[in-house]
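The next block holds one structure in the form of structure tokens; read it before the comments.
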Amino acid sequence: MILSLAAAAAMSSGSGSSLNSSSPLDPFDSSTSWSLSEDPSNSSSEPVVRTLTPDLQPATTAVVVQEVSPWDIALCVTGTLISCENALVIAVLFYTPTLRAPMFILIGSLAVADLLAGLGLILNFVFTYLVDSSVEFVTLLSVGLLISAFSASVLNILAITVDRYLSLYNALTYHTERTVTFTYVMVVFIWVSCLTLGLLPALGWNCLRDESTCSICRPVTKNNAVALAVTFLLVFALMMQLYLQICKIAFRHAQQIAVQHQFVAISTTKGVSTLSAILCAFGVCWLPFAMYSIVADSSYPVIYTYATVLPATCCSVINPIIYAFRNPDIQKSLWMACCGCVPSNLSLRPRTSSDV
């Protein structure tokens with residue numbers, strides 16, 4: 001429970017001003033109490049004159065208590081977990097000079113996006129319960145950060161999928177300077193686009209002046225929310241198509257290597273299962289929120305919004321596990337940082353972005 005100090009101060013000042021006013025006292029007002037008093041100047045033997053005077057006591061100040069929603073607590077805890085996980089990934093990539101391949105550049109960009117998303121969830125909780133959320137700047141800052149961060153997270157996942165496809169489709173020319181340049185161009189394009197999306201509410205694309213146009217995520221307008229949801233569906237469809245092509249190329253490679261047919265068949269089957277798990281996790285997290293953003297608006301019950309937003313934020317929790325902690329090179333760096341050694345059962349071969 002968080003006390004509203006501003007409301008308490010306002011009521012206190014209001015009581016003080018009413019006591020200093022010159023309006024006559026209402027004897028029938030229940031808030032005014034009366035007591036008998038004697039005139040101290042009367043020291044003679046005359047009958048004591050008793051007067052009825054009011055006891056002016058300030059009224060008790062009511063304290064406004066704001067109840068904290070369990071959903072907001074869950075989002076704040078999720079944001080804290082997201083921030084810790086992705087901060088660890090960024091630290092490992094930053095302090096390991098050998099992790100500079102295009103794959104690790106994209107993993108680092110994804111970790112930065114998810115880190116900002118986690119911090120955005122924490123700031124949203126702080127702005128809601130500890131700061132006056134009626135201030136437009138606070139609302140626009142919180143929403144802009146969340147839009148930029150989660151949009152960058154989704155687009156970085158798409159970029160990793162594109163990188164995996166190119167590493168198989170152009171296997172002979174993948175490890176070149178041209179690929180590194182293309183990776184940096186993708187990362188710059190992603191962040192410029194997402195920062196622009198985050199600035200749109202602050203540039204006037206919001207519903208603060210017309211609440212009837214609000215989406216399920218105030219102050220984003222309904223039209224903007226639908227556009228973002230449709231864009232996500234297109235991204236998801238493109239990812240499915242790319243992963244389908246990756247599976248086709250992997251099976252083709254398996255058929256071409258007859259000597260290692262059994263080994264490759266097992267490896268390819270495992271890779272397809274991993275790809276299916278990645279797509280299913282991504283879809284389960286984001287599809288409910290995207291579909292609900294299209295059909296719903298601000299008049300719908302807020303519990304439905306929370307029920308779809310929370311799974312979407314959980315995607316940033318599992319991203320480090322899928323794309324970073326499963327990587328043998330990152331695992332070796334973590335073991336070296338924590339224990340100073342590498343387990344013997346950990347694969348020592350370098351991992352390429354075609355691995356899944």
Side-chain angles (χ1 to χ4, degrees), residues 79 82-83 85-86 89-90 93 101-121 143-167 169 179-201 205 217 220 224-246 275 278-291 293-294 308-309 311-324 327 353 356:
I82 292 172
S83 301
E85 280 184 324
N86 290 279
V89 174
I90 294 172
L93 294 177
M103 170 182 58
F104 297 112
I105 295 173
L106 295 174
I107 291 176
S109 179
L110 175 62
V112 171
D114 287 334
L115 173 63
L116 292 177
L119 294 177
L121 292 174
V143 172
L145 177 59
L146 290 174
I147 291 177
S148 297
F150 282 113
S151 299
S153 178
V154 171
L155 291 182
N156 274 294
I157 293 176
L158 175 62
I160 292 176
T161 307
V162 172
D163 179 73
R164 286 177 170 175
Y165 171 75
L166 293 178
S167 67
Y169 186 76
T179 303
V180 177
T181 303
F182 176 73
T183 303
Y184 279 113
V185 170
M186 275 200 306
V187 171
V188 171
F189 174 77
I190 287 172
W191 282 104
V192 170
S193 302
C194 294
L195 290 176
T196 303
L197 289 175
L199 288 175
L200 288 180
W205 295 61
C217 297
V220 180
N224 289 352
V226 171
L228 289 174
V230 171
T231 302
F232 165 79
L233 294 177
L234 294 176
V235 169
F236 184 68
L238 181 57
M239 287 180 58
M240 291 182 63
Q241 180 65 25
L242 288 173
Y243 274 129
L244 180 62
Q245 295 299 321
I246 290 174
L275 288 177
I278 292 174
L279 275 178
C280 288
F282 185 73
V284 168
C285 289
W286 277 106
L287 281 178
F289 178 71
M291 300 301 295
S293 298
I294 295 176
T308 55
V309 166
T313 59
C314 289
C315 185
S316 295
V317 176
I318 64 177
N319 282 341
I321 301 174
I322 293 177
Y323 298 101
N327 187 288
S353 60
V356 291

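Along the sequence shown, residues carry numbers from 1.
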With a 3.5 Å distance limit and no angle check, can you tell me whether Ser109 reaches the backbone of Ile105 through a side-chain donor-acceptor pair? no

By ring-ring contact (aromatic ring centres under 6.0 Å, His included), Tyr169 pairs with (sequence neighbours left out) Tyr165

How long is the straight-line distance from OG1 of Thr313 back to CG of Leu121, given to the nearest 0.5 Å? 6.0 Å

Is there a side-chain contact between Met291 and Thr308 in this structure, where contact means two heavy atoms from C-beta onward sitting under 4.5 Å apart? no

Restricting to non-hydrogen atoms, name the atom on Gly120 and the atom on Leu146 that form the minimum distance, rounded to 0.1 Å. C-CD2, 3.5 Å

Nearest non-hydrogen partners of Ala117 and Ala149, listed with the distance: N-CB, 3.4 Å

Could you give the distance from SG (Cys314) to CD1 (Ile82), rounded to the nearest 0.5 Å? 7.0 Å

Quick one, Ile147 and Cys217 - any side-chain contact, counting heavy atoms below 4.5 Å? no

Given side chain to side chain contact (heavy atoms under 4.5 Å, CB included), test Cys285 with Ile318 step by step and report yes or no. CA-CA 10 Å; Cys285 289; Ile318 64 177; 4.2 Å; yes

Rounded to the nearest 0.5 Å, how far does CD1 of Ile278 lie from CD1 of Ile157? 9.5 Å

Asn86: which residues meet the side chain to side chain donor-acceptor pair (under 3.5 Å) condition with it, sequence neighbours left out? none

Could you give the distance from CZ (Phe104) to OG1 (Thr183), rounded to the nearest 0.5 Å? 12.5 Å

Sequence neighbours left out, what passes ring-ring contact (aromatic ring centres under 6.0 Å, His included) with Tyr323? Give chain and number order. none

For the backbone of Arg164 and the side chain of Ser167, can you confirm whether one donor and one acceptor N or O come within less than 3.5 Å of each other? yes

Are Glu85 and Ile321 close enough, and set up right, to give a side chain to side chain contact (heavy atoms under 4.5 Å, CB included), and what steps lead you there? CA-CA 9 Å; Glu85 280 184 324; Ile321 301 174; 4.1 Å; yes

Under the rule for side-chain contact (heavy atoms from CB on, under 4.5 Å), what residues qualify as partners of Met240, not counting sequence neighbours? Phe236, Leu279

Can you name the side chain to side chain donor-acceptor pair (under 3.5 Å) partners of Thr179, sequence neighbours left out? Thr176

Just so I know, are the side chains of Met186 and Leu106 near enough to count as touching, which here means a heavy-atom distance under 4.5 Å? yes

Across all chains, not counting sequence neighbours, the side chain to side chain donor-acceptor pair (under 3.5 Å) partners of Ser316 are Asp114

Side chains of Leu197 and Leu228, heavy atoms from C-beta outward: is any pair under 4.5 Å? yes

Closest heavy-atom contact between Ser83 and Leu115? O-CD1, 3.5 Å

Nearest heavy-atom pair of Ala113 and Asn156: which atoms, and what distance? CB-ND2, 4.1 Å

Which distance, rounded to the nearest 0.5 Å, do you find between the CG of Leu200 and the CG of Leu195? 11.0 Å

Heavy-atom check, side chain of Phe282 versus side chain of Cys315, under 4.5 Å: yes

Taking the side chain as every heavy atom from C-beta outward, state whether Phe150 and Phe232 have any pair of such atoms under 4.5 Å apart. no

What distance separates Ser153 OG from Leu158 CG, expressed to the nearest 0.5 Å? 11.5 Å

Exercise: identify the closest heavy-atom pair between Ser293 and Ala225: CB-O, 4.4 Å

